[in-house]
Amino acid sequence: MKIICSRTELNKALNNVSHSVPVRTTSNILEGILINAEDNKMKLTSTDTNMTTETVINVNAEGACEFVVPAKLFSAIISKLPEDDMMIDYDAEKSKINIKCAGSNSEIICFRGDEYPKIKLNEGENVIYLSKEDIKKLIKKTAFSASTDEFNRIITGVLLEIKDGSMKMVGVDPYRIATYKIEVDNNADVSVIIPAKLIIEVAKFIDDDGEDKMSFEIVDNKVILKFDNNKVILNTYSGKFIDYERILNKEGNINVRVKRNDLLRSTERASLLASVQNNNLIRFNIQKDVIYINSLNEEGNIEEKVEIINDGEDLNIGINSRYLKDALSVIDDEEVMINFKDSVSPAIIKPLKGDKYTYLILPIRMN
């Protein structure tokens, strides 16, 4: 069977499904991409059993066929073909494909399509429609804060909550918390934990082209995301997420209003002398209208001065500069409010009005 398609479109589709091709596996067929051609459509599917990606492109084909092609070799060949229409000729008897484009001719041995694992879900019952921009913001502004320690697997995921007309995503590790929420036109009451590394992979190929809207659905403890010609299915974690709200509610009486960019740039400069060995420590000396930010080691000393409005007491506190930079870098507001209680309690970053986001950072004890 012959399939004629655009090399550019196929290459883009391969880039998308590559995000769920396993790097190492004991099953050779999982290192491949399932190709299904029918009714002038070609669907490409890959899975590492935790994340499944499907992408559909338009082709010119008569009849139907299904086969599995080795992902690494197939992608490498397609990426190096000239910008031109190309043909894939599938020989079912010999289980191989012949790829022709301009003067190039390649042959690849394939697996049978019916040997590839397939997922069947009852989709379309409780779908939430979101803008791509909103879902990318949810991921960008929280997933970085999820733990990477597999010993406590639950917090290597991000909590996604839908209730009271809003969708919130929460990332937690032992030293920080990140939350961000958007409004949704849905009255569902849902809570699910999505592996952070998987949702970060999805964000990499949600682009600004195509339709503005995308869909989100939870079916059989799996999250289904659909955008443009892509469908992504993610496994979720079972278990109880950390009670992050109880931690966030422990605010102090020191409220510091500061320009986000000024604090970020000063923190970046002060962190030049911070190191992993001392937990990226920088020292905050918070006074009525200024924060003095200091870092030092055997190589030298850096001091920064940032203007603020402080309606509480003076305070000396140690902060992890990397965690502070991570939070400030994903905030869009010109100014933020940072709440402190004392030198051993968390710093909590919030907007001046509302509760769209919250970032909590545990302090570092100073000698």
Side-chain angles (χ1 to χ4, degrees), residues 141-142 144-145 147 168-181 242-275 278-297 301-367:
K141 294 175 183 292
T142 59
F144 69 86
S145 191
S147 175
K168 179 189 287 187
M169 191 170 279
V170 184
V172 173
D173 76 9
Y175 308 103
R176 58 180 172 175
I177 298 174
T179 79
Y180 186 81
K181 74 177 183 179
I242 189 171
D243 187 2
Y244 71 94
E245 289 184 327
R246 177 183 59 82
I247 302 170
L248 292 178
N249 286 333
K250 295 183 177 180
E251 294 189 5
N253 297 318
I254 303 171
N255 290 298
V256 172
R257 179 172 174 170
V258 61
K259 290 184 178 179
R260 180 199 65 88
N261 197 56
D262 289 351
L263 183 58
L264 175 58
R265 298 295 170 245
S266 290
T267 300
E268 288 174 337
R269 290 189 290 268
S271 68
L272 294 173
L273 289 182
S275 65
N278 70 350
N279 295 313
N280 299 297
L281 171 67
I282 56 175
R283 294 169 171 82
F284 273 26
N285 178 358
I286 302 170
Q287 299 182 12
K288 193 66 179 176
D289 55 6
V290 67
I291 296 178
Y292 291 100
I293 304 173
N294 180 268
S295 64
L296 72 159
N297 61 23
N301 171 69
I302 296 176
E303 183 175 89
E304 292 283 330
K305 179 181 176 182
V306 182
E307 293 182 357
I308 62 169
I309 299 174
N310 175 17
D311 66 2
E313 301 174 356
D314 293 353
L315 177 68
N316 286 298
I317 187 170
I319 296 289
N320 185 308
S321 59
R322 182 170 74 85
Y323 291 169
L324 182 59
K325 287 188 292 182
D326 285 348
L328 294 174
S329 295
V330 297
I331 295 173
D332 300 320
D333 294 354
E334 184 177 344
E335 292 184 281
V336 296
M337 187 71 72
I338 309 179
N339 177 268
F340 300 91
K341 183 177 181 181
D342 51 46
S343 63
V344 294
S345 299
I348 301 175
I349 306 171
K350 289 187 172 184
L352 298 185
K353 294 182 180 179
D355 58 352
K356 194 174 187 68
Y357 58 82
T358 307
Y359 296 95
L360 177 147
I361 303 170
L362 289 183
I364 299 173
R365 292 184 180 272
M366 297 185 295
N367 297 326

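Start at 1 with the first residue, then count along the sequence. Treat the numbers as computed from the prediction; the structure is a model and nothing was measured.
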Counting distance only, does the side-chain N/O of [X] pair as donor-acceptor with the main-chain N or O of [Y] below 3.5 Å?
X: Asp326; Y: Ser329; answer: no
X: Arg260; Y: Asp333; answer: yes
X: Lys350; Y: Met337; answer: no
X: Thr142; Y: Gly171; answer: no
X: Asn279; Y: Leu281; answer: no
X: Tyr359; Y: Tyr323; answer: no
X: Asn339; Y: Gly252; answer: yes

Nearest heavy-atom pair of [X] and [Y]: which atoms, and what distance?
X: Glu268; Y: Ser271; result: O-OG, 2.8 Å
X: Tyr357; Y: Pro351; result: O-CD, 3.2 Å
X: Ile293; Y: Ser266; result: CD1-CB, 4.0 Å
X: Val344; Y: Pro363; result: C-CG, 3.5 Å
X: Lys305; Y: Val290; result: CG-CG2, 3.2 Å
X: Leu273; Y: Leu296; result: CD1-CA, 4.2 Å

Kindly indicate, with the supporting measurements, whether the criterion side-chain contact (heavy atoms from CB on, under 4.5 Å) is fulfilled by Phe284 and Val256. CA-CA 12 Å; Phe284 273 26; Val256 172; over 6 Å; no

Using 0.5 Å steps for rounding, measure from the [atom1] atom of [X] to the [atom2] atom of [Y].
X: Asp243; Y: Leu248; atom1: CG; atom2: CG; answer: 9.5 Å
X: Ile302; Y: Ile282; atom1: CD1; atom2: CD1; answer: 10.5 Å
X: Asn253; Y: Leu315; atom1: CG; atom2: CG; answer: 12.0 Å
X: Ile348; Y: Ile254; atom1: CD1; atom2: CD1; answer: 12.0 Å

Let me see the working for Ile331 and Leu264 under side-chain contact (heavy atoms from CB on, under 4.5 Å), right down to the final yes or no. CA-CA 10 Å; Ile331 295 173; Leu264 175 58; over 6 Å; no

Output all residues satisfying salt bridge (charged side-chain N to carboxylate O under 4.0 Å, His left out) with Asp173, sequence neighbours left out; order by chain, then residue number.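 Scan of Asp173 (salt bridge (charged side-chain N to carboxylate O under 4.0 Å, His left out), adjacent residues dropped) gives Arg176.
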
Walk me through it: do Tyr244 and Thr179 pass the test side-chain contact (heavy atoms from CB on, under 4.5 Å)? CA-CA 9 Å; Tyr244 71 94; Thr179 79; 4.1 Å; yes

Side chains of [X] and [Y]: closer than 4.5 Å at any heavy-atom pair?
X: Asp262; Y: Glu307; answer: no
X: Ile177; Y: Val170; answer: yes
X: Phe340; Y: Ile317; answer: yes
X: Lys341; Y: Lys250; answer: no

Mind jotting down which residue pairs meet the side-chain hydrogen bond (donor to acceptor under 3.5 Å, both in side chains) criterion with at least one end in residues 280-295? Sequence neighbours excluded, please.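 side-chain hydrogen bond (donor to acceptor under 3.5 Å, both in side chains) check on residues 280-295 returns Asn294-Asn301.
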
Test Ile338 against Leu263 for side-chain contact (heavy atoms from CB on, under 4.5 Å), laying out the working first. CA-CA 11 Å; Ile338 309 179; Leu263 183 58; 3.6 Å; yes

Answer yes or no: does atom CG of Asn316 have more than 12 heavy-atom neighbours from other residues, nucleotides or ligands under 6.0 Å?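 More than 12 heavy atoms, drawn from other residues, nucleotides or ligands, come within 6.0 Å of this atom.
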
Are more than 12 heavy atoms, taken from residues, nucleotides or ligands other than Lys325, located less than 6.0 Å from that residue's NZ atom?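 Atom NZ in Lys325 is crowded, with more than 12 foreign heavy atoms closer than 6.0 Å.
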
For Asp355 and Lys168, run salt bridge (charged side-chain N to carboxylate O under 4.0 Å, His left out): C-alpha distance rounded to whole Å, both residues' side-chain angles, the deciding distance at 0.1 Å, then the answer. CA-CA 11 Å; Asp355 58 352; Lys168 179 189 287 187; over 6 Å; no

